[in-house]
Visitor: 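Sharing a structure with you now.
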Amino acid sequence: MKRTLIKHALAAVEPLEAITVAGWVRTRRDAKGFSFLELNDGSCLGSLQAIVDAGVPGYADMAHCITGASAEVSGRLVPSPAAGQKWELQAARLRLLGKSDPSYPLQKKGHTLEFLRTIGHLRPRSNLFGAIFRTRSRLAYAVHTFFQERDFVYVHTPIITTSDCEGAGEMFRVTTLKGNIDDQGQADFFGRPAYLTVSGQLEAETFACALSNVYTFGPTFRAENSNTARHAAEFWMIEPEMAFCDLEGDMDLAEEFVKALARHALEECAEDLALFGKFVDKGLHDRLQFVVERPFQRVSYAEAVDILRASGKTFEYPVEYGLNLQSEHERYLTEQHFHSPVTVFNYPREIKPFYMRLNDDGKTVTAMDVLVPGIGEVIGGSQREERLDALLENLSYHKLRPEDYWWYVDLRKYGTVPHAGFGLGFERLLMFLTGVGNIRDVVPFARTPGSAEF
RNA sequence: UCCAGAGUAGCUCAAUGGUAGAGCAGCCGGCUGUUAACCGGCGGGUUAGAGGUUCGAGCCCUCUCUCUGGAGCCA
């Protein structure tokens with residue numbers, strides 16, 4: 001008999017004569033002559049309650065159907081006479097598939113996120129993590145839909161790279177060498193030192209300068225010793241790159257993108273979102289609604305500095321033109337001043353990387369960051385420097401060697417075009433859209449300094 | 001990496017420097033169209049690790065480890 005997903009059984013519009021469901025026991029309650037068995041198969045948040053009379057084949061195994069065990073139940077889907085669920089399964093047969101040792105760590109009651117992180121192999125069976133990873137899947141799909149519908153070409157930029165997207169962070173070395181690897185770069189597998197990518201941007205630019213609009217969506221690695229709730233050593237980044245596009249168009253796309261994913265979450269992940277709203281972040285639904293409906297605020301870096309100065313607030317770090325905005329500054333702007341996502345643009349040249357286009361003032365570059373309440377920076381992007389002379393000048397300004405970026409420079413030699421793009425951390429977006437406060441909880445198996453279990 | 005806090009039963013937490021406990025989970029039994037079911041009973045501990053102070057340390061001191069929150073770096 002074909003198995004019916006519990007998701008589909010619960011969504012039935014009429015009784016079903018003979019179905020088979022399979023899943024993991026969430027809880028069992030025994031009554032006189034029969035048992036209530038709640039099965040969850042992860043296809044949706046809800047579980048299906050099966051009524052198993054003592055006489056049905058397989059009932060002898062009921063004693064083993066404790067929380068965590070796997071089982072298959074066949075029977076009739078009928079309206080439930082009691083409150084709590086619309087449908088229930090009147091079992092005709094029970095089949096125990098896998099016993100669960102009494103040491104099964106997931107209980108029916110709530111667990112702390114810290115404890116669940118220590119059982120990464122079992123936490124997807126919990127309500128919260130099931131919801132998180134179903135949402136992650138749907139939003140990953142929505143990312144592709146968003147770009148494909150707009151004629152963006154998906155490019156698989158390399159994971160192993162020999163180029164450094166400067167400013168992005170520390171890199172993991174990839175090597176087959178043993179011993180002191182620094183002295184023997186030429187002997188290495190690729191004939192030179194190689195690393196895990198920190199960004200696909202430079203490669204994406206080459207494809208944008210051929211296919212017009214492209215995007216990447218893949219794993220990204222940073223070897224920084226960052227110990228925060230919003231940093232991971234391995235994460236997924238989305239990087240659109242558009243030819244014939246300026247900073248304005250870049251900011252438009254970034255805003256449109258965040259709004260589209262928020263809308264998608266509201267419309268397609270409503271059940272799971274309701275769980276987040278109940279247990280993780282009470283204001284989640286209203287915030288997403290707000291993000292979808294209202295335009296993002298846009299301020300230049302100079303204006304942002306003025307706002308911070310005029311705020312009368314005392315910050316731990318100084319607010320001064322030419323200094324980077326600190327977390328506390330970004331949070332003030334998005335959480336207290338504007339109460340909405342904010343796009344800050346035109347940053348001082350000296351605090352941004354070499355590839356950003358120099359503005360006519362000679363002092364600022366076309367950088368833009370999208371800040372959202374609760375998370376801070378979720379997008380960083382820019383219009384790229386497309387003028388050969390200016391790029392070479394910028395490389396030397398940042399003390400980088402043009403020959404190390406020869407192919408990147410070549411793009412400016414052969415039919416250069418204005419182009420722009422941004423990078424968005426998929427996990428940070430997930431945190432924003434689910435309300436989950438720690439990046440370790442939106443990654444199936446998080447890699448952080450000192451931690452790579454599972 | 002820096003600052004602060006925490007670590008006691010499988011889980012969540014108690015315990016003035018003086019006999020380590022409870023609820024839940026598990027096991028056994030009872031009751032019941034139940035639904036974080038309920039009632040009774042039982043088992044469960046190197047108090048993160050190492051060292052020190054003390055007649056006596058879960059508690060005080062030192063070091064180490066792990067986790068959490070904040071900061072830096074960033075997405």
Side-chain angles (χ1 to χ4, degrees), chain A residues 26-39 46-53 63 66-68 78 80-85 88 90 100-119 122 126-127 165-170 197-201 219-239 254 279 315-317 324-331 351-353 369-372 375-381 422-432 437-443 448-451 453:
Chain A
R26 280 299 175 80
T27 180
R28 185 188 89 222
R29 295 174 293 274
D30 295 325
K32 192 85 176 172
F34 66 100
S35 296
F36 298 97
L37 194 64
E38 258 184 49
L39 285 184
S47 301
L48 179 63
Q49 169 171 289
I51 314 299
V52 189
D53 286 327
I66 61 173
T67 307
V78 298
S80 178
Q85 60 280 315
E88 63 184 28
Q90 192 69 51
S100 182
D101 191 89
S103 62
Y104 185 66
L106 275 174
Q107 296 177 16
K108 287 176 264 183
K109 299 204 170 191
H111 285 294
T112 60
L113 295 174
E114 291 79 20
F115 170 67
L116 290 167
R117 271 174 224 149
T118 68
I119 50 167
L122 296 173
S126 68
N127 284 338
C165 189
E166 180 254 355
E170 292 297 309
T197 183
V198 291
S199 167
Q201 180 200 316
T220 309
F221 307 87
R222 303 278 168 91
E224 245 104 46
N225 190 11
S226 297
N227 291 284
T228 81
R230 58 189 185 286
H231 286 87
E234 176 182 320
F235 63 99
W236 282 59
M237 190 152 66
I238 298 149
E239 296 179 287
F279 292 111
F315 294 105
E316 192 185 337
Y317 290 86
N324 239 321
L325 296 180
Q326 304 293 316
S327 288
E328 57 173 346
H329 306 141
E330 296 180 345
R331 292 180 71 117
I351 58 173
K352 289 294 179 183
D369 285 351
V370 176
L371 315 175
V372 298
I375 313 290
E377 184 181 342
V378 71
I379 288 178
F422 61 80
L424 175 141
F426 185 51
E427 284 80 4
R428 287 205 182 157
L429 188 73
L430 282 175
M431 292 169 71
F432 181 61
N438 195 311
I439 197 167
R440 296 170 182 87
D441 298 327
V442 296
V443 181
T448 53
S451 176
E453 188 69 70

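Order of the sequence lines sets the chain letters (A, B, ...), proteins ahead of strands, with each chain counted from 1.
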Visitor: Can you check whether A/Q326 has a side-chain N or O nearer than 4.0 Å to OP1 or OP2 of B/G72?
Guide: yes
Visitor: Under the 3.5 Å rule, do the base of B/C74 and the side chain of A/S226 count as making a donor-acceptor pair?
Guide: no
Visitor: Using the C1' atom on both, measure B/G21 against B/A9 and round to a whole Å.
Guide: 10 Å
Visitor: Just checking A/Q85: base, sugar-phosphate only, or nothing, at a heavy-atom cut-off of under 4.0 Å?
Guide: base
Visitor: Tell me the interatomic distance from A/R230, atom CZ, to B/G69, atom C1', rounded to whole angstroms.
Guide: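 So the two atoms are 11 Å apart, to the nearest Å.
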Visitor: Taking atom P in both B/G30 and B/U66, what distance in whole Å separates the two?
Guide: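 These two P atoms come out 49 Å apart once rounded.
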Visitor: Just say parallel, tilted or perpendicular for the rings of A/H111 and A/F115, cut-offs at 30° and 60°.
Guide: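 Tilted.
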Visitor: Applying the Watson-Crick and G-U wobble criteria at under 3.5 Å, what pairs with B/A4? Answer none if nothing qualifies.
Guide: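 The answer is B/U68, by the H-bond criterion.
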Visitor: Could you give the CG-to-P distance, from A/L106 to B/A36, as a whole number of Å?
Guide: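 Taking atom P of B/A36 as the reference, CG of A/L106 is at 18 Å.
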Visitor: How many Å lie between CZ on A/F221 and P on B/C73, as a whole number?
Guide: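 Computing the A/F221:CZ to B/C73:P distance gives 24 Å.
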Visitor: Is a donor-acceptor contact shorter than 3.5 angstrom present between the side chain of A/D30 and the base of B/U32?
Guide: no
Visitor: Looking at B/U12, does its base get a donor-acceptor pair with the side chain of A/Q107 below 3.5 Å?
Guide: no
Visitor: What is the distance, rounded to the nearest whole Å, between atom NE2 of A/H329 and atom C1' of B/G70?
Guide: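 Going from NE2 in A/H329 over to C1' in B/G70 covers 15 Å.
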Visitor: Using whole Å, what does the distance between atom C1' of nucleotide B/C38 and atom CZ of A/R28 come to?
Guide: 15 Å
Visitor: Please give the nucleotide sitting opposite B/A57 as a Watson-Crick or G-U wobble pair, both distances under 3.5 Å, or none.
Guide: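 In the structure as shown, B/A57 has no Watson-Crick or wobble partner.
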Visitor: For A/F115 and B/C24, what is the distance between atoms CZ and P respectively, to the nearest whole Å?
Guide: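 In whole Å, B/C24 P and A/F115 CZ are 18 Å from each other.
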Visitor: Without decimals, in angstroms, what is the distance between A/I351 CD1 and B/C74 C1'?
Guide: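 The answer, rounded to whole Å, is 13 Å.
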Visitor: Any side-chain N or O of A/K108 below 4.0 angstrom from OP1/OP2 of B/C11?
Guide: no
Visitor: Specify the separation, in whole Å, of atom CZ of A/R117 and atom P of B/C67.
Guide: 10 Å
Visitor: List the protein contact pattern of nucleotides 40-48 of chain B with one symbol per nucleotide (5' to 3'): B for base contact, S for sugar-phosphate-only contact, - for none; contact means a heavy-atom distance under 4.0 Å.
Guide: ---------
Visitor: P atom, B/U8 versus B/C60: distance in rounded Å?
Guide: 15 Å
Visitor: Would you please name every residue forming a side chain to side chain contact (heavy atoms under 4.5 Å, CB included) with A/T228, sequence neighbours left out?
Guide: A/R230, A/H231
Visitor: Is A/N227 close enough to B/G69 that one of its side-chain N or O atoms is under 4.0 Å from OP1 or OP2 there?
Guide: no
Visitor: Provide the distance between the two P atoms, one in B/G41 and one in B/A22, to the nearest whole Å.
Guide: 11 Å
